[in-house]
Amino acid sequence: MNTAGQPTRLTKENDTDLKSVSEPQRTDPLHLNVLYQDEHIIAVDKPPGLLVHRSPIDRHETVFAVQTLRDQIGQHVYPAHRLDRPTSGVLVFSFSSEVAAKLGQQMMNKVVVKDYHAIVRGFVHHTGFIDYALKYRYDKIADKHKRPQQAPQPATTLYQSVAKFEVPEPVGKYQSARYSLVRLSPSTGRKHQLRRHMAHIRHPIIGDTTHGDGKQNKFAKGYFNFSNLALSCTHMGFSHPVSGKWITINGEMHNEMQQLANRLKPFSV
């Protein structure tokens, strides 16, 4: 965790994308790992499968990040942004609605730096930029009060290849299973943006049951015992809403995703 200076980009010397896992990461949703805290904001490492707040999509769920963190630290918290339920990683809250609004405005102004790591199908050979507008996909329960939108919303994502792997096992019509570890930097925050953008360029994220490749997901579960979404928010940088200082908050891929990356290392190409 860094609390001063500009965001640090990973290099070969400090890249921890493929580091070994020596101890299991805590996955108990009743305790959240705190990545950063001061008198105005707090950031935690959200595990996959945890809802940020109550949602009509899953009325039977009883554990949420907002309530869990409130009970853990004994203070009310306000989410400054969202992460999809299956997505893990850096999640920022504030201790007042005013500060949360200021952070939200920074995100709307596209001045917040967000980096994710994902494991996707196929070989991603280079750095690229996806400029592909996304039509909002309404949920008949959660979005029943929202006004339908006609035009697709602008959405852009920068992607960078970090590592490539080839497993000599047939999957579907292919003679081997090819994967890439990529870094994704969205400048907009549309619903399921990264999952839909990677599917758009034919590199769906492993474990994505909505926009992904069912055959690859089945293979990853059977061969690597991976049954989650291979997507984690691993870095956020923003101007502190009170002090104005640049804040960088770094997290890690969730434990199951890190284990998948470790198991893929012998198949590096």
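All values below come from the heavy atoms of this structure, side chains included, with hydrogens, waters and symmetry mates left out.
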* To the nearest 0.5 Å, what is the distance between OG1 (Thr127) and OH (Tyr159)? -> 8.0 Å
By side chain to side chain donor-acceptor pair (under 3.5 Å) - contacts of [X] (at least two apart):
X      : result
Asp131 : none
Ser187 : Thr156
Thr234 : His117

* Structure fact -> Applying salt bridge (Lys or Arg N to Asp or Glu O under 4.0 Å) to Glu169 and not counting sequence neighbours gives none
* For Arg196, what residues pass the salt bridge (Lys or Arg N to Asp or Glu O under 4.0 Å) criterion, not counting sequence neighbours? -> none
* Asked: Is there a side-chain contact between Val113 and Phe238, using heavy atoms and a 4.5 Å cut-off?
  -> no
* With a 4.5 Å limit on heavy-atom distance, are the side chains of Glu256 and Ser227 in contact? -> yes
Could you list the donor-acceptor pairs under 3.5 angstrom formed between side-chain atoms of residues 200-209 and any protein atom two or more places apart in sequence or on another chain?
unit_1	atom_1	unit_2	atom_2	d
His203	ND1	Arg121	O	2.7
Asp208	OD1	Arg195	NE	3.4
Asp208	OD1	Arg195	NH2	3.1
Asp208	OD1	Thr210	N	3.0
Asp208	OD1	His211	N	3.0
Asp208	OD2	Arg195	NE	3.2

Please check if any side-chain donor atom of [X] sits under 3.5 Å from a side-chain acceptor atom of [Y], or the reverse.
X      : Y      : value
Ser232 : His254 : no
Asp38  : His240 : yes
Gln106 : Ser239 : no
Asn109 : Gln105 : yes

* Parallel, tilted or perpendicular, as decided by the 30° and 60° cut-offs, for the rings of His125 and Phe123 -> perpendicular
* Asked: Backbone N or O of Asn255 within a donor-acceptor pair of the Gln258 side chain at under 3.5 Å?
  -> no
